[in-house]
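First the proteins, then the strands, lettered A, B, ... as listed; each starts at 1. Scope of the values below: all heavy atoms of this structure, side chains included, with no hydrogens, waters or symmetry mates.
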Number of protein chains: 2
Amino acid sequence: MADHRDALDDGSQSRELPGRRRRADAQRSVDALLLAAKEVFATSGVDAPVREIADKAGVGIGTLYRNFPQRADLVAAVFRREIDACADAAPLLAGKYAPGDALGRWLQRYAAFIATKRGLASVLHSGNPVFNSLPAYFDQRLQPALRSLLDAAVAAGDVRSDIEPDDLLTAVGRLSMQEHRGRPDHAERMVGLLIDGLRYRAGQASDPSSC
Amino acid sequence: MADHRDALDDGSQSRELPGRRRRADAQRSVDALLLAAKEVFATSGVDAPVREIADKAGVGIGTLYRNFPQRADLVAAVFRREIDACADAAPLLAGKYAPGDALGRWLQRYAAFIATKRGLASVLHSGNPVFNSLPAYFDQRLQPALRSLLDAAVAAGDVRSDIEPDDLLTAVGRLSMQEHRGRPDHAERMVGLLIDGLRYRAGQASDPSSC
DNA sequence: TTTTTATACGGAACATTGTTCCGCTTTGCA
DNA sequence: TGCAAAGCGGAACAATGTTCCGTATAAAAA
């Protein structure tokens, strides 16, 4: 794998230095753009005009396009950043709460991330090759994060042991993907239910013959 | 209900006549536009430029906008037409095949309709008020169509009796909504499975205590 | 049939938004 | 401090949704 960088310099702090250092103002621009884009996407949706983002970031459009050759590159970069933030939250929660709690809180955080991403689904199915690597990135970052929480919770006897990270990510994702008719808290409640379900048979192994 | 006509003259043949008849060329334009739009949407997706549609229909852009004040109105009209066609297929199939067969064929036809509608989901969740009435229209037209097939199949002893039209429409819709990784026939096979499932307990009523 | 008139038509023009280009500025290094 | 590479801003271009209006025509009236 490791191809999640194809054709896209998303302008993180990393950069091979072929002689000269990355200029400080360029890094500032990228940071400002990613921050502004995240806010604008949250407010106006992922279809917001690029100019609005450039304005909010306090840079020119040229600068935006220098760092993100296409609009879609900016969108993908913002998603990657938020995926990273979500994955990075796992060890933090693990250090702060009991294993079962940490797992529950992280799943709710993941659900919240999905829920705010109106347009994530459309973007993923848009056919634009820029987004091709996003699903893999999702798995690559989130599965290990969740697995560590899940393993710890199982080891602590807080939750059952017959569930895979992949199942949970998919289920929570689908539950949170789109708001149910007029019930803004629907996803949160359903995910809560799921978490309780995990706790229900804590300590038991899977038993395929039970009905 | 019956409010699925809000703010939208989709230009079907119906029209209250306040003194003068609807001009024949106008009706021709609408027909040509709907036909062209259907084809263009199928080929290039629902994001295709309006000019392309107008050209294919052999009319000017002005004519397009006279009949469909917004792009979205045209999209909605095309969807309504296809929903109608799908619903209307039910009695035809019912007259031609045995009840169980008719049901199965109709479900596959519905699945095919959903499958070709890349962008249907995005459109429905776009927030554009023009599409607000579409989900209701779906239910209003398709549920009765399916119910008649389902009732007939149950009465003939071809399928089980504990399934509601709504459940089936939703399930088939979700199975067909998006192509599974590289398997174009995935939806069709899964829907086939579902139909076999319907047949499996033909003649039996629902029995919640069986395991 | 001819005249009249409301209706419809076509497409130029306008508005919005993604993208490119390039002259000017700033930064990093010697 | 001087200089070259890197970066910046925004005008200009391109694609596309939408509006406007002079012209054409179908339907009704004469």
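Atom P of nucleotide D:dG9 and atom CZ of A:Arg66 are separated by 11 Å, given to the nearest angstrom. For the pair B:Phe68 CZ and D:dT19 P, the interatomic distance rounds to 15 Å; values are reported in whole Å. Atom CZ of B:Arg20 is separated from atom C1' of D:dA29 by 9 Å (rounded to the nearest Å). Distance A:Asp31 CG to D:dC8 P: 12 Å, rounded to the nearest Å. Whole-Å rounding puts the B:Arg21 CZ to C:dT7 P distance at 14 Å. Between the P atom of D:dT18 and the CG atom of B:Asn67 lies a distance of 15 Å, rounded to the nearest Å. With rounding to whole Å, B:Arg22 atom CZ is found 18 Å from C:dA6 atom P. Rounded to whole Å, atom P of C:dT16 lies 18 Å from atom CZ of B:Arg71.
A:Arg81 places none of its side-chain heavy atoms less than 4.5 Å from the side chain of A:Lys38. Within the 4.5 Å cutoff, no side-chain heavy atoms of A:Leu92 are placed close to those of A:Tyr97. Looking at A:Leu150 and A:Arg147, their side chains never come closer than 4.5 Å, going by heavy atoms from C-beta outward. Counting heavy atoms from C-beta outward, A:Leu74 and A:Ile53 have side chains that approach closer than 4.5 Å.
Phosphate contact (OP1/OP2 of C:dC9, side-chain N/O of B:Ser29, threshold under 4.0 Å): present.
Using a 4.0 Å heavy-atom distance criterion, B:Ala48 is classed as a sugar-phosphate-only contact. At a threshold of 4.0 angstrom between heavy atoms, the contacts of A:Arg23 include nucleobase atoms, whether or not backbone atoms are also involved.
A:Ser44 contributes no side-chain N or O that, together with a main-chain N or O of A:Phe41, makes up a donor-acceptor pair within less than 3.5 Å.
Side chains of B:Tyr137 and B:Asp84: a donor-acceptor N/O pair is present below 3.5 angstrom, by distance only. Judged by distance alone, the side chains of B:Ser29 and B:Arg23 never bring a donor and an acceptor atom under 3.5 Å apart.
If you check residues 49-65 of chain A against DNA chain D, the residues with a heavy atom closer than 4.0 Å are A:Arg51, A:Gly58, A:Val59, A:Gly60, A:Ile61, A:Gly62, A:Thr63, listed by number.
Between B:Gln70 and B:Asp25, the residue anchored nearer the 5' end of DNA chain D, judged by the nucleotide with its closest heavy atom, is B:Gln70.
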